[in-house]
Amino acid sequence: MIALVALLQPLAVALGAPLVLGLTRQVRARLEGRVGAGVGQPWRDLRKLAGKQRVRPTGTTVVFLAAPVLLVGTTLAAAVIIPLVGVSPLDRAGDLFAVVGLLLTGTVALTLAGLDTGTAFGGMGASREVTIAALVEPSILMAVYALSLPVHSTSLAAIVTAVSADPGRVATPAAVLAAVALGVVVLAETGRLPVDNPATHLELTMVHEAMVLEYAGPPLALLEWAAAMRLTVLLGLLANLFLPVGLATAVTGAPSVAALLVGLAAVAAKVSVLAVVLAAGEVALAKLRLFRVPELLAGSFVLGMLAVTASYFLITPTG
């Protein structure tokens, strides 16, 4: 049963991530008065890219070739250890430090690939991505650490289980501050507005797109797929940390198959709602100027620090 949980979560993320991305695009199109290409368009785009010819710029090394595979692998590994569908003993092997490390590994691989091309745009995008990552990753640590203090564990499974047993934990000031900080982090980590605009190809404002300009064919399909999975994983983590409704938990060993199916339906619904909210917010937001982005992310880090400070007041003397 543990193997089933470990297989179901990354499989659900891999298959559902393009649909989540398609949902955000479709909602945004409708709100902007356009028809939209449909929720399934990202899957059609991936299929088209997979059938195109590979292109490798002259002078690139194995770093350029390995980055898409490494980005997909680290994202799927994060999907295994994050409690998305259910909580099993396997989830306790990974904590918030492991998740942040996996996400950062994928980010570093992509930035090195951008530098490996030797182009001005690749170097520019890599420089911007590293600047953003230097503020995003500490913000994730602070926000989730604030949630872990009352539980006395950095295990994401332990945090989610504690919130399931006591839903009142999410109504505390520390949880509210952590939720806002994580919300900003999700926008930055996935390259969404107001930090980055995934729909633009304007050279002076690109971050993620600047690093993948030299990719084509199946490697580009892997990068686009990984970006969609990254968005889905982070939305699922945000949803389950503060609203673990329907999450399959295990009292003795592992969740049942029925509980896992309920958990799958629940996380799909929660991620869909967050995707709709994200798309609606993007319609109302404009992209920040580049030098304003560090200010936004620094504010997110400060909120995480305040959440940690507030959490210390919630720790019981018996803990």
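In what follows, every heavy atom counts, from backbone to side chain, and hydrogens, waters and symmetry copies are set aside. We count residues from 1, following the sequence as given.
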Please answer whether the main-chain N or O of [Y] pairs with a side-chain N or O of [X] as donor and acceptor at a distance below 3.5 Å.
X    : Y    : answer
Q53  : A216 : no
K52  : P218 : no
S127 : G123 : no
D196 : A188 : no
Q9   : I82  : yes
S300 : A181 : yes
T111 : A126 : no

Would you call [X] and [Y] a side-chain contact if the rule is heavy atoms closer than 4.5 Å?
X    : Y    : value
L260 : L8   : yes
V283 : V27  : no
M211 : F121 : no
L303 : M142 : no
L96  : I140 : no
Y312 : L149 : yes
L231 : L235 : yes
L234 : L103 : yes

Hydrophobic clustering (ILVMFWY, side-chain heavy atoms < 4.5 Å, transitive) - are [Y] and [X] grouped together?
X    : Y    : result
L71  : V130 : no
L70  : V99  : no
L241 : V85  : yes
V39  : V271 : yes
L102 : L11  : yes

Can you tell me how far [atom2] of [Y] sits from [atom1] of [X], rounded to the nearest 0.5 angstrom?
X    : Y    : atom1 : atom2 : result
K270 : L84  : NZ    : CG    : 9.5 Å
F97  : S148 : CZ    : OG    : 7.0 Å
R192 : K287 : CZ    : NZ    : 13.5 Å
L237 : L182 : CG    : CG    : 7.0 Å
S311 : L177 : OG    : CG    : 8.5 Å
R54  : L65  : CZ    : CG    : 8.0 Å

Open item on the list: For T60 and D116: C-alpha separation, side-chain torsions, deciding distance, then whether side chain to side chain donor-acceptor pair (under 3.5 Å) applies.
Closed with: CA-CA 6 Å; T60 54; D116 193 47; 4.7 Å; no
Open item on the list: With a 6.0 Å cut-off (strictly less than), is the heavy-atom count around CZ of R34, excluding the residue itself, greater than 12?
Closed with: yes
Indicate the atoms forming the closest heavy-atom contact of [X] with [Y], along with that distance.
X    : Y    : value
A133 : T107 : CB-CG2, 4.1 Å
P294 : L290 : CD-O, 3.2 Å
V55  : F64  : O-CE2, 4.2 Å
V176 : V170 : CG2-O, 4.2 Å
V185 : S139 : CG2-CB, 3.5 Å
A286 : P194 : O-CB, 3.4 Å

TODO: Assess the side chains of R56 and T117: does a donor N or O sit below 3.5 Å from an acceptor N or O?
DONE: no
TODO: Please test R289 against R292 for side chain to side chain contact (heavy atoms under 4.5 Å, CB included), starting from the C-alpha separation and ending with a verdict.
DONE: CA-CA 5 Å; R289 286 178 288 181; R292 294 289 186 186; 4.1 Å; yes
TODO: Go through M229 and L76 one step at a time and tell me if the side chain to side chain contact (heavy atoms under 4.5 Å, CB included) criterion holds.
DONE: CA-CA 8 Å; M229 289 191 291; L76 288 176; 3.6 Å; yes
Task: Derivation of the side chain to side chain contact (heavy atoms under 4.5 Å, CB included) call for L296 and V184 - done: CA-CA 8 Å; L296 174 66; V184 176; 3.9 Å; yes
Open item on the list: Evaluate V207 against I132 for side chain to side chain contact (heavy atoms under 4.5 Å, CB included), listing each step before the verdict.
Closed with: CA-CA 10 Å; V207 179; I132 292 174; 4.2 Å; yes
- [ ] For the residue pair W225 and W43, categorise the inter-ring angle as parallel (less than 30°), tilted (30 to 60°) or perpendicular (more than 60°).
- [x] tilted
